[in-house]
Amino acid sequence: AIGTCVAEGGSGSSPCRFAHYFVICGIDNETGLEPDALAGENFDQSPLKRTFKSKVLAHYPKNIQCNAFDQDAVNMLCMPKGLSFRTQRDSHTPQFHSFLITREDGSRTYGFVHTFYEEVTSPQICSAMQTLHQMHQAEHNESAHNCPSSSSSSSSSSSSMDSLASSLGEVESPSSTSSSQGGHTSCGCSGEGYDSVRDTLYVSKAMCLITPMPFMHACKGFLSQVHRAVISHQPPPLPLESYIYNILYEVPLPPPGRSLKFHGVYEPILSQRPGVGELPLADFPLSEAFQLLGVENLVQIFTCVLLEMQILLYSQDYQRLMVVAEGITTLLFPFQWQHVYVPILPASLLHFLDAPVPYLMGLQSKEGTDRSKLELPQEANLCFVDIDNQCIELPEEFPQFPNKTEFIQELSEVLLSFGLSPEGGNTSPEPAVSMQTSTLEKELKSTSLSELVDDRRNGNLGGEALDMLELLQGNPTLERLQALAKRTGVKVARLEALAAGEEGVGGRSPAEEEELRNAKLNVQLREVFAARFATMFADYESFVIQNSPDLESWLTNREQMHNFDKASFLSDQPEPYLPFLSHFIESQMFATFIDNKIMSQWEEKEPILRVFDGRIEKARLYNVRAPSLRSSVYQKCTFLKESAQAIEQRLRKIDHTAIHPHLLDMKIGQGKYQQGFFPKLQADVLASGPTNNKWSNRICSTQRRVDCHRQQNDHLVLDNDLKEKYVQEARNLGKKLRQPKLSDLSPAVIAQTNWKFVEGLLKECKMKTKRMLVEKMGREAVELGHGEANITGLEENTLIASLCDLLERIWSHGLQVKQGKSALWSHLLHYQVREEKNEQLSESPVSNGQEKRKPESSVGLPALRVSLIQDMRHIQNMGEIKTDVGRARAWIRLSLEKKLLSQHLKQLLSNQALTKKLYKRYAFLRCEEEKEQFLFHLLSLNAVDYFCFTSVFTTIMIPYRAVIIPIKKLSNAMTTSNPWLCVSGELGDSGILQITKNVLEMTFDCQNLGKLTTVQLGHDNSGLLAKWLVDCVMVRNEITGHTYKFPCGRWLGKGVDDGSLERVLIGEFVVPCSDDDGGRGSKTPPLQRSPSQIRRISITSLTGRGNKPTTVQIQESTGEAVNNIIKHFHKPEKERGSLTVLLCGEGGLVWALEQFFHHGFRSARIFQKNVFVWDFYEKAVAFVENADQIGDLQETPEPLGLNCESFCRYVNAINNMPRNIGKDGKFQLLVCLGARDRLLPQWLPLLAECPVITRMYEENALLRDKLTVSSLIAVLETLHDFPITLESSLTKSIEL
């Protein structure tokens, strides 16, 4: 019956018993002292401080089908640092810690360990220790007469991992005293060694319970009672076997939503399990995690965990590591950590810190070891948590948790309501208790006194009662009496009442009260976190994309499919949440959560998902008015009270009581009781449980029914094993390595682990580059069937940040020696040093690798040479970036923007001697084939344009180069006037720059202008040859190589064209030609887009010949121009691009209206002089002003009069400007101002009805057709809803 399994919590299966195994670990007297080589100990230490191998001495039962006993893992985690020896001088305080083992399928088993010290009785071991000690002394006396300081041990070590190991196992310097170990330092050369005659030797031994669920309090209570029985003066009421048998075979798991009482050696023990709708079981005291770290720190670490960074916890105390790790992962509900999770990293597994994947690990610090000695392989993305000193080191730049301040405030209120400080305070480790006093006293002292005195609600002991308790506690006779009374069930009333503080508690011990408080606090803190997610993802379901007919087809296409509409989800979120959410929805834990949601259509919902969906449902019912979607107003958690009440009811009213421990059928005379020694248990009694156990049969038979039913259903869908395989594959997508195999640590296994890492990194690179491409390609990709369109600037930033992070992880995999926090930057620096040496040697300014030049992207601009070193220097010159990690990220962004990332990295890695020097054989960068594939994936990113450098570093100084290209055939290449230029971009303008006469090229430095939008070009009209026909202006950003072309194609000069001395030119981004066709035709300029050339030679001069646009085309182009402006405003602000282009560029509003006004315009040259639309405007103004003077306008209705007034005011203001813009320039400006101030629709009827129109327009002109004019007015009015702002280059010096 025992072997039958119940599916528990949706992950893996486990029997319905409370505990699976009882284990004893310690020293094996047969094999004696074996030094633990793997723990990386160094032999400068006194033998008492060294690590020796521990063994599993016994475990019961031998094995359980669904949770096979993993001997090596259990031994390693029960005693992570091996055996530890003490003498009678040292403290022997028992220690408690927990651990967990994650199995292949992601399910977990928990271990609870009580470690105590037992006297060594074996003479062989004592004499071995003595011999080691004498050898150690002799060596010391030879080597030096002075005491080595702690630094000597970690001298320069070959690999960062080795030095990490040695610095962890360090001798503390003699000056430091180890407070937690009872104040004795034992440095090798002091007189406190070990002498078998004078000293008693003690060694650590561990009792451990392995359970399917984390019932920490219950297990801790049970083990401490067993230990109490071992050290008490009297033997326990029943042999220990009875209690162990009872918890292994006769205590069931509490059913969901119920509580269970079972019996320890002396006192009953309670455990309870949350019901179906409640948060899943978590028994580790969160209050302790919050007290250790403080709310603020904890929320920061929590954010790092959500963003799947690498988290390393660091503390002397194993239980603290476990409490913080389990605490934080518990708070992730409804998400689950998907990566390597090792809350206690045994010394022999230190190479795991090299893992280039997200991890959450705990590392035990030795006393006296300084954090600065700890060399970690990669820190670019590491969150380092020093628990004992309450300090954390965070990765650079990561987004903050939404509403962080209010969130911290709410958590603080919960803590304060339980009398705890939100800042946390290092609660000192439990006071050391000498071996003789009982654990009961310890519990009374630490719990009842502090509790009862601090917390007035629990009923207080008066001063006199306190004295009484103090007096009674030290009295062994009374203590024995009390133990006896307990066993026989007689009450020693006064003492019992005193100890339990019964006055205000209603017959419950302070320990039980404490447990209840802890449970209530735990659940309330968790509810606050859960409520945050329930608010943030309240409508996540609407964005889940479910497009598979059945589970099988979904699983087979899982990798190709998008299953969450990220873009729409983000566009629905309040602005302040976006930086965090856009990162978070890219995480593995979010992907798995959505996968589970989709799979719940076909199979039973995961319990966690069921509870979370329930929460969202409940919140919807509470908020009768639908909350506005984009509100970032903080909503507090509403069900703190009810969740605490549920637990309180269960703990106050016990639902089930397990069978009492009873005498077993044992052989008499074995396992004699000996105080202080753990007895040898009778294995045959504990090997198997009762055969006729009522509850196990009952639960198991219902389970069998469920299983049977399930299997029948499964046959309809999919063969069961196959399905399991698919599900696992889908879940472990790209996450092959959840958990290190603890058992086997041969080099082959380590190599295989590293191989898995390499495969994982490559897969991740493939997915990330694909995602970046698909997002960026937008529409075309959607048409090709790649899922969602439009990438938001925010999302792009997130993807690039995660690419930077991936590159850092790849570069830190298999490093020989770590230098600086960024592995990539340190590699680049090594490369730079070597290249610069080579350059000096060869004396040639260009090194061979950089011969290849970029083809000239256009006429007139000298080519920019491609140089990895040059790009590094640009970054090194940026004073804004202070750290190596920041420099590496900036360099990646710059290379990506220049489309050189793959090429640069290839060049960096082509120096194989350097790669060999820096990296171990198994490193990713030394796996040739994978490295090639990786560079190929990065190369694919060249298909799209990124502005990820320009748009992020907005305040840096950038060198620009500008070239003016005249049309030589038609005009003087020379000019006598003094030209000037002003370049504007999305972030600002360069100011007016004078250009030396006849030098058509200049360079200038100015603060980053962002994407360039316009250039103002002009001259002062001086000298004889003042007229100038300009083809275009080219401007290039000399750091990123981005080039913009500003077409002109018109004259500048008085009395020619429209008499303009300055023009505003609109820029277009020049797409560089790729390097492949560089070699052959690099000197041919790229084909120009001819229409833009000709058009600018003014529509007026062309009206006589060429094709005129039809009326339909004109109307369409106006509609399109307006449409484009409206679309512009519908995009999120950060991705709108330039409005100027939509107003004044090719196909823009000005161009469309110009066509409209030119239709039917009588531009016959009167005496060879061109007539412009502006001339018509001026005549109209003149007419209106004349009429006004004569008084004709008095009769016109009011609004028309106002329109006349505003029209005249604008035209006159433009004419009176000090700038020398030509007539077409003036027309452009009037249209822009009219659009901005929403006046265009009001001016149109005025122009259409002005009598001047008959002289200047043909009969069939569009402007004279009432219908067309009114439809144009309607189109233009749609722009009124949008705030049109104009660049200063357009509106400079106009006085309205």
Side-chain angles (χ1 to χ4, degrees), residues 160 296-297 300-301 303-304 307 309-312 370-372 374-386 391-401 404 579-580 583 797-798 800-812 815 817-833 836 867-898 901 904-905 908 918 946-959 987-988 1005-1010 1037-1040:
S160 56
E296 172 102 24
N297 282 347
Q300 291 288 52
I301 301 165
T303 313
C304 290
L307 299 173
M309 297 177 170
Q310 294 176 321
I311 322 299
L312 184 61
D370 189 11
R371 148 77 177 117
S372 56
L374 198 57
E375 278 194 27
L376 300 166
Q378 54 204 87
E379 293 183 44
N381 211 35
L382 181 73
C383 168
F384 181 84
V385 185
D386 183 344
C391 90
I392 58 178
E393 293 167 33
L394 294 164
E396 286 174 35
E397 47 169 309
F398 66 94
Q400 294 297 323
F401 193 71
K404 185 174 132 197
F580 170 79
H583 273 76
N797 235 338
T798 306
I800 288 172
S802 79
L803 177 73
C804 293
D805 159 41
L806 172 68
L807 293 180
E808 277 297 357
R809 293 209 312 261
I810 287 179
W811 254 258
S812 51
L815 257 184
V817 182
K818 183 170 164 288
Q819 296 160 328
K821 281 200 167 184
S822 161
L824 174 58
W825 191 250
S826 115
H827 192 168
L828 283 164
L829 290 172
H830 280 290
Y831 178 81
Q832 187 179 21
V833 170
E836 282 168 352
S867 154
L868 189 160
I869 303 290
Q870 192 51 53
D871 285 350
M872 281 184 70
R873 289 186 191 134
H874 286 314
I875 304 292
Q876 285 160 330
N877 296 337
M878 287 166 55
E880 296 77 354
I881 304 179
K882 305 279 187 271
T883 64
D884 284 354
V885 176
R887 288 186 193 100
R889 286 182 181 170
W891 182 85
I892 293 170
R893 282 174 177 277
L894 177 58
S895 307
L896 198 55
E897 186 161 321
K898 294 177 85 160
L901 184 58
H904 276 347
L905 292 177
L908 174 66
L918 297 178
Y946 283 103
F947 289 88
C948 51
F949 178 84
T950 314
S951 57
V952 168
F953 300 103
T954 50
T955 55
I956 58 173
M957 294 302 286
I958 286 187
L987 302 174
D1005 284 352
C1006 81
Q1007 190 172 329
N1008 186 354
L1009 299 174
N1037 174 328
E1038 293 289 272
I1039 291 187
T1040 63

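Numbers here are sequence positions counted from 1.
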- Task: Using distance alone, with no hydrogens and no angle criterion, decide if Thr950 and Glu897 have a side-chain donor and acceptor under 3.5 Å apart.
- Result: yes
- Item | Flag side-chain contact, heavy atom, 4.5 Å: Leu312 against Cys383 | no
- Query: Taking the side chain as C-beta and beyond, is there a heavy-atom pair between Ile892 and Leu824 under 4.5 Å?
  - Reply: yes
- Task: Give the minimum heavy-atom separation between Ala890 and Phe949, together with the two atoms involved.
- Result: O-CD1, 3.7 Å
- Would you check if the side chain of Glu393 reaches a backbone N or O of Phe384 as a donor-acceptor pair within less than 3.5 Å? no
- Item | Over all atoms of both residues, closest heavy-atom pair of Ala823 and Trp811 | CB-O, 3.4 Å
- Message: Under a 3.5 Å distance rule, please check whether Asn1008 uses its side chain to pair with a backbone N or O of Met957 as donor and acceptor.
- Response: no
- Message: In the structure I gave you, are the side-chain heavy atoms of Gln1007 and Thr955 within less than 4.5 Å of one another anywhere?
- Response: yes
- Indicate, with yes or no, if the rings of His904 and Trp891 have centres closer together than 6.0 Å. yes
- Task: Take Ser822 and Glu808, measure what side-chain hydrogen bond (donor to acceptor under 3.5 Å, both in side chains) needs, and give me the verdict at the end.
- Result: CA-CA 7 Å; Ser822 161; Glu808 277 297 357; 2.6 Å; yes
- Query: Looking only at heavy atoms, which two atoms of Lys882 and Arg887 are closest? And how far apart?
  - Reply: O-NH2, 3.5 Å
- Query: Sequence neighbours excluded, which residues qualify as salt bridge (Lys or Arg N to Asp or Glu O under 4.0 Å) partners of Glu880?
  - Reply: none
- Message: Under the criterion side-chain contact (heavy atoms from CB on, under 4.5 Å), I'd like the reasoning laid out for Ile392 against Gln300: C-alpha separation, chi angles, the key distance, then a yes or no.
- Response: CA-CA 9 Å; Ile392 58 178; Gln300 291 288 52; 4.0 Å; yes
- Item | Partners passing salt bridge (Lys or Arg N to Asp or Glu O under 4.0 Å) against Arg893 (at least two apart in sequence or in another chain) | none
- Do you know which two heavy atoms are closest between Leu918 and His827, and how far apart they sit? CD1-CD2, 3.7 Å
- Do side-chain atoms of Lys898 reach the backbone of Ile1039 as a donor and acceptor pair under 3.5 angstrom? yes
- Using side chain to side chain donor-acceptor pair (under 3.5 Å) as the criterion, list what pairs up with Asn297, not counting sequence neighbours. none
